[in-house]
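Remarks on the structure that follows.
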Amino acid sequence: MTRQDRIERDTHATWAAWIGFAIGAVLGALLLWGPARPLAGEGSIGLPAAGVTALGAAAGFAAGTLLHRREETARMPPWQRVVSHVSDAAVALALAGVSALAVLCLGEVLAVGLDGLEVAPLGGGLLIGAATAAASAAGFGLGARLRTDDLVGLLFAFLVAGTLFSMLTAADPRWWERNFSQLGAGGSAWAFNGTLVLGGLLLAVVGSYVGRDLHRVLGDDALRRIAGVVALFAATGLALALIGVFPLYRAPVPHLIAAVCTLILMAASAVAVVIVMPGPPPALVVTTAGVGAGLVLAVLLWQPLHLYSATGLEAVAVGLAFVWLTSLMRALAAITPDETRPSARPALRTAVAR
């Protein structure tokens, strides 16, 4: 990317922010018109703000994609073009979810620090405009130059935002004495379970973009192996989504089976990427050893030392998994060219069969 391209992209992102602010402020004020509302809770500005911000994030992503990555699919065969478009649509949906959850979390935090504050329609419109501006600019930047390691960061932010909102609104304040699955019950269960479902979708999309990067590096000759990697990520995403579809309090056995399958399939997906990609770098090898040692230590601190509950073990395990996944994606991004690589195979079945 040339210096002029970067300037043009930054200029467009700035315009996206200002347009998002204007539309968000007007639409937010109209939605809030009437008596002043609190920052969070029933009848608050939270849900309208989350909805408008989510639309701004998705629209910004779509604009960035159309303005800066539209030509990527021009020379692709139909099957590759469909995969690319579906993946982009899923990213836009996940980005909207992240933005909405971030606004809801911020509202809950501000409601505690500004106890009793009520916001008038015009003031609420300005707040929604500011949130929409930030989401539109971030979405535009992501759409203009989408990298696989960016998606891993988006996935992590999405899971964290959803979990934090569920923690802030949990019906049982002592849920942490057992495990994170307790957040899937009660009045805010929709947030935690929905986060897992959409997180599973985004994880499957990460696999699609991993396949894109591997294809740019290895070409059509490796399409069968690449398809196996993409299928493993898709299966992992499905397992993660099923954890949310089957909450622990309602379907404990399917919930536990889905959780175990998610861990196994995640490990299998990571191993598959390392096998297919050309030579893992030393930094990735060191990170793998460190993460493995960290997991062993985390288990020992849980049992038999009893220094924390299963919730602590789950938090450490998820954190270490994302550290490793981020390191893996950065290693893959370092060897992946920015130029798109259309497949020479006219049909997906033919491409995978060879």
Side-chain angles (χ1 to χ4, degrees), residues 1-2 5-6 9 64-92 142-155 201-238 265-285 287-288 324-354:
M1 179 179 292
T2 65
D5 289 336
R6 287 194 295 269
R9 188 182 64 183
T65 300
L66 291 174
L67 286 175
H68 294 275
R69 292 194 299 118
R70 181 175 51 192
E71 299 301 323
E72 282 188 356
T73 61
R75 296 183 293 113
M76 291 181 177
W79 68 266
Q80 192 178 17
R81 192 179 304 120
V82 168
V83 170
S84 179
H85 291 333
V86 170
S87 298
D88 280 347
V91 173
L142 188 63
R145 189 170 181 265
L146 184 58
R147 295 167 59 91
T148 307
D149 49 347
D150 294 330
L151 289 181
V152 174
L154 180 64
L155 174 60
L201 172 64
L202 184 53
L203 184 57
V205 174
V206 169
S208 174
Y209 281 91
V210 168
R212 180 199 69 173
D213 291 351
L214 290 173
H215 180 257
R216 288 182 179 182
V217 175
L218 301 172
D220 284 350
D221 292 339
L223 275 175
R224 178 180 292 182
R225 288 177 290 155
I226 293 172
V229 172
V230 174
L232 277 173
F233 269 95
T236 307
L238 176 61
L265 289 169
M266 175 66 79
S269 302
V271 171
V273 174
V274 173
I275 292 175
V276 174
M277 69 183 293
L284 181 59
V285 176
T287 301
T288 301
W324 192 90
L325 188 60
T326 300
S327 179
L328 173 64
M329 295 310 165
R330 285 178 177 172
L332 182 59
I335 62 174
T336 302
D338 290 333
E339 296 77 17
T340 186
R341 187 170 188 171
S343 174
R345 310 288 169 82
L348 179 59
R349 182 179 299 178
T350 304
V352 176
R354 292 187 182 183

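Note that this is a predicted model, so its numbers are computed, not measured. No hydrogens, no waters, no symmetry mates; every other heavy atom, side chains included, goes into these values.
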Legend entry - T340 OG1 to H215 NE2 distance, which is reported to the nearest 0.5 Å: 9.0 Å
Legend entry - Sidechain-backbone polar pair: T287 side chain, W324 backbone, donor-acceptor under 3.5 Å: no
Inset, instruction - Any chance you could measure M266, atom CE, to L325, atom CG, to the nearest 0.5 Å? - result: 6.0 Å
Inset, instruction - Could you tell me which non-hydrogen atom of V276 sits nearest to which non-hydrogen atom of L218, and how far apart they are? - result: O-CD1, 3.5 Å
Legend entry - V210 side chain reached by L214 side chain, heavy atoms, under 4.5 Å: yes
Legend entry - Short side-chain to backbone donor-acceptor contact, R69 and G143, under 3.5 Å: yes
Legend entry - R225 side, atom CZ; I275 side, atom CD1 - distance, nearest 0.5 Å: 10.5 Å
Inset, instruction - Provide the closest heavy-atom pair for V217 versus P337 in the form atom of the first, atom of the second, distance. - result: CG2-CD, 4.2 Å
Inset, instruction - Grab the two heavy atoms, one from G219 and one from I226, that are nearest each other, plus how far apart they are. - result: O-CD1, 4.4 Å
Inset, instruction - Check G207 against V230 and note the closest heavy-atom contact, atom names and distance. - result: O-CG2, 3.5 Å
Legend entry - Shortest non-hydrogen contact between R212 and R147, atoms and distance: NH2-CA, 4.1 Å
Inset, instruction - Supply the atom-to-atom distance T65 OG1 to L146 CG, rounded to the nearest 0.5 angstrom. - result: 7.0 Å
Inset, instruction - Given side-chain contact (heavy atoms from CB on, under 4.5 Å), test L151 with M329 step by step and report yes or no. - result: CA-CA 9 Å; L151 289 181; M329 295 310 165; over 6 Å; no
Inset, instruction - Look up atom CG in L238 and atom CG in L201, then write down how far apart they are to the nearest 0.5 Å. - result: 11.0 Å
Inset, instruction - Might you work through the side-chain contact (heavy atoms from CB on, under 4.5 Å) test for L223 and D220, ending with a clear yes or no? - result: CA-CA 5 Å; L223 275 175; D220 284 350; 3.6 Å; yes
Inset, instruction - Considering non-hydrogen atoms only, spot the tightest contact between L203 and F233 and give its length. - result: O-CD2, 3.8 Å
Inset, instruction - Check for a donor-acceptor pair, side chain of S87 on one end and backbone N or O of V83 on the other, with a separation under 3.5 Å. - result: yes
